Amino acid sequence: RRALGRREPAGNQACVASGIEAGETLRSANGIPSSREDGVSALGFGCGNVGGLMVRADAADQERAVARALEAGVNYFDTAADYGQGESERSLGRVLKKLRPANAIVGTKFRYAPGDGTIGAYMAKSLEESLKRMGREQVDLIQLHNDIRVEAAGGDLTPRQVLEEVVPAFERLRAQG
C-alpha cells in the first residue's frame, strides 16, 4: 500500500500522507497539476455527503462523473466509512470496478468512538470493512477522521493517543500490506 507514509496535520485532524512535498508542481499525463512524481492529481474527487453524488445519485450519474474526472486527469478519490453510512465506499467501489482505471488512487477514513474497543483493533476492523464495501484488496491512503484536542471529549482523541496508539496501528497496517 502507498497507504501509510508519514503523519501530517490536516486542520485539527491527523492524516497519514504518502509523501506529498509542499510546493511541488508537476503535471499528470493529461495536464492536470500533480503534487507528486508518481502522478497523483493535485485535484481530488470528493465522494462525501456535501455534494452527495456518491451517496445519493443514481449509478449512471456516478459512473459519468467518475469517468469524466478520470478523463480530465483527476485520479485521487477521497471517501470515508462515515459518508452515507458506507454508501460512498460501496458506490465508488462499484464504479471503479466497472471503469477499471489503471491509475485510480483511493483514500478512505475511519472515525474512532469511545466504546469501539482498542484503537488499533478498531482501525484494522474499520479498514477491512471499508475494503469489503469497496471490493478492493487495498487502499492507497487511510486517514483518521477524529478531531485531535489536548483534552479529548466525545469522539476526540488526544495527541498522546495519536502518537501512542494510532501511529503504531497505522504502521502495523502498512507492514501487513
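Owing to the predicted nature of the structure, the values given are computational and were not obtained by experimental measurement. Hydrogens, waters and symmetry mates play no part in the numbers below; they use all other heavy atoms, side chains included.
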Salt bridge check: are [X] and [Y] linked by an N-O gap of less than 4.0 Å?
{"X": "Glu71", "Y": "Arg68", "answer": "yes"}
{"X": "Glu128", "Y": "Lys132", "answer": "no"}
{"X": "Asp116", "Y": "Lys125", "answer": "no"}

### Minimum-distance pair of heavy atoms, taken over all atoms of Val95 and Gln62
CG2-CB, 4.0 Å

### Message
Please give me the minimum heavy-atom distance between Gly73 and Ser41, naming the atom from each residue.
### Response
O-CB, 3.3 Å

### Task
Please list, chain by chain and in numerical order, all residues satisfying side chain to side chain contact (heavy atoms under 4.5 Å, CB included) with Asn49, sequence neighbours excluded.
Val55, Tyr83

### Task
List for me each residue that meets ring pair (Phe, Tyr, Trp, His ring centres under 6.0 Å) alongside Phe77, sequence neighbours excluded, and say none if there are none.
Phe45

### Message
How about CZ on Arg160, more than 12 heavy atoms from neighbouring residues, nucleotides or ligands closer than 6.0 Å, or not?
### Response
no

### Query
Does the side chain of Leu157 reach to within under 4.5 Å of the side chain of Arg149, using non-hydrogen atoms?
no

### Backbone of Gly84 reached by a side-chain donor or acceptor of Ser88 within 3.5 Å
no

### Message
If only side-chain N and O atoms count, and only distance matters, is there a donor-acceptor pair under 3.5 Å linking Glu89 with Thr79?
### Response
no

### Summary
Sorted by chain and number, sequence neighbours left out, side-chain hydrogen bond (donor to acceptor under 3.5 Å, both in side chains) with Asn103 holds for none

